[in-house]
Number of protein chains: 2
Amino acid sequence: MRPTRQRLALARLLFEPGHRHVTAEALHGEALAAGVKVSLATIYNTLHQLTTVGLLREIVIDTGKTYFDTNVDDHHHFFLERTGRLIDIPGADVALGALPAAPDGLKIARVDVIIRLSDS
Amino acid sequence: MRPTRQRLALARLLFEPGHRHVTAEALHGEALAAGVKVSLATIYNTLHQLTTVGLLREIVIDTGKTYFDTNVDDHHHFFLERTGRLIDIPGADVALGALPAAPDGLKIARVDVIIRLSDS
DNA sequence: ATACTTGCAAATCGTTTGCAATACC
DNA sequence: GGTATTGCAAACGATTTGCAAGTAT
């Protein structure tokens with residue numbers, strides 16, 4: 001994985017501000033706003049590569065849009081339904097008791113807990 | 001909501017076999033296989049209407065594809081990553097301890113627990 | 001008769017892909 | 001130079017929409 005101009009710029013945008021959640025579109029917007037010339041295709045490439053390498057985690061919350069989380073530790077999420085925003089919940093803050101055993105030849109790859117929030 | 005031919009046929013396909021998870025495409029296929037002439041547009045209409053009415057529940061597990069669950073009780077899911085299949089987990093089988101409080105003016109609408117399974 | 005439904009085909013949205021031009025080592 | 005990477009534009013798959021024709025009450 002070569003440290004190209006666009007990869008470096010994207011990495012800076014992603015990891016400098018601390019933990020965050022981005023969509024490809026949003027990151028693309030930020031890049032352009034920051035004066036970084038990148039194509040959307042490259043954004044997707046990079047996000048997936050970083051995910052493969054373990055620097056990002058993909059979160060499925062909403063159909064039709066993929067979120068990438070710069071926090072790859074064990075943790076969960078609040079999802080604000082009205083705004084589409086995500087908030088991290090430290091893994092320790094959600095007590096999961098014994099989980100049902102996985103069927104036959106399968107193993108638990110990950111447990112996602114999503115707490116969906118609406119206006120009260 | 002009128003009991004039209006296609007709505008009745010779809011309701012039968014959905015609710016007669018016991019609890020299940022379907023995608024619009026899959027239901028469309030079944031309908032055609034069962035000799036029921038329905039357009040995909042109507043499938044989507046009907047699935048959404050049934051969801052609004054509370055007879056179905058929408059599950060987000062996978063980007064780019066929406067699952068509808070005929071089980072609307074409190075429960076969670078196993079997701080078989082290799083096949084894309086869903087398996088219900090009774091709500092009681094997952095012990096959730098105290099959850100972090102929802103921020104300011106927000107309330108918990110729902111808690112989704114998804115246990116992702118891969119081949120072991 | 002009137003309002004609700006259907007179905008087609010076109011449109012949309014996020015994402016992916018093919019491929020030639022380009023940047024990295 | 002050789003290989004990885006970029007960017008464009010076209011291709012995609014799932015879902016939605018506009019609208020004319022059909023159907024329930």
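A note on names: the letters A, B, ... follow the listed sequences, proteins ahead of strands, and every chain is numbered from 1.
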[N] OP1/OP2 closer than 4.0 Å to side-chain N/O of [X]:
| X | N | value |
| --- | --- | --- |
| His48(A) | dT16(C) | yes |
| Thr42(A) | dG7(D) | yes |
| Thr66(B) | dA14(D) | no |

Item to check | Polar side-chain atom of Ser120(A) near backbone of Gly105(B) as donor-acceptor pair, under 3.5 Å | outcome: yes
Checklist outcome for this item: Per-nucleotide protein contact along nucleotides 19-25 of chain C, 5' to 3', at a 4.0 Å heavy-atom cut-off (B base, S sugar-phosphate only, - neither), is ----BBS
Checklist outcome for this item: The answer to which of Tyr44(B) and Asn45(A) contacts DNA chain D further toward the 5' end, by nearest nucleotide, is Asn45(A)
Item to check | Strand DNA chain D as a dot-bracket string - pairs counted if Watson-Crick or G-U with both distances under 3.5 Å, | where the partner lies in another strand | outcome: ||||||||||.|||.||||||||||
Checklist entry - Can you check the Glu25(B) CD to dT16(D) P distance for me, whole Å? => result 12 Å
Checklist entry - Whole Å only: how far is the NE2 atom of His28(A) from the P atom of dT15(C)? => result 13 Å
Checklist entry - With rounding to whole Å, what would you report as the distance between dC19(C) and dT15(C) at their P atoms? => result 24 Å
Next on the checklist: Test of understanding: clusters of I, L, V, M, F, W, Y form through side-chain heavy atoms closer than 4.5 Å, transitively. Do Leu96(B) and Ile114(A) belong to the same one?
Outcome noted: no
Checklist entry - Near DNA chain C, which residues from residues 55-63 of chain B have a heavy atom under 4.0 Å away? => result none
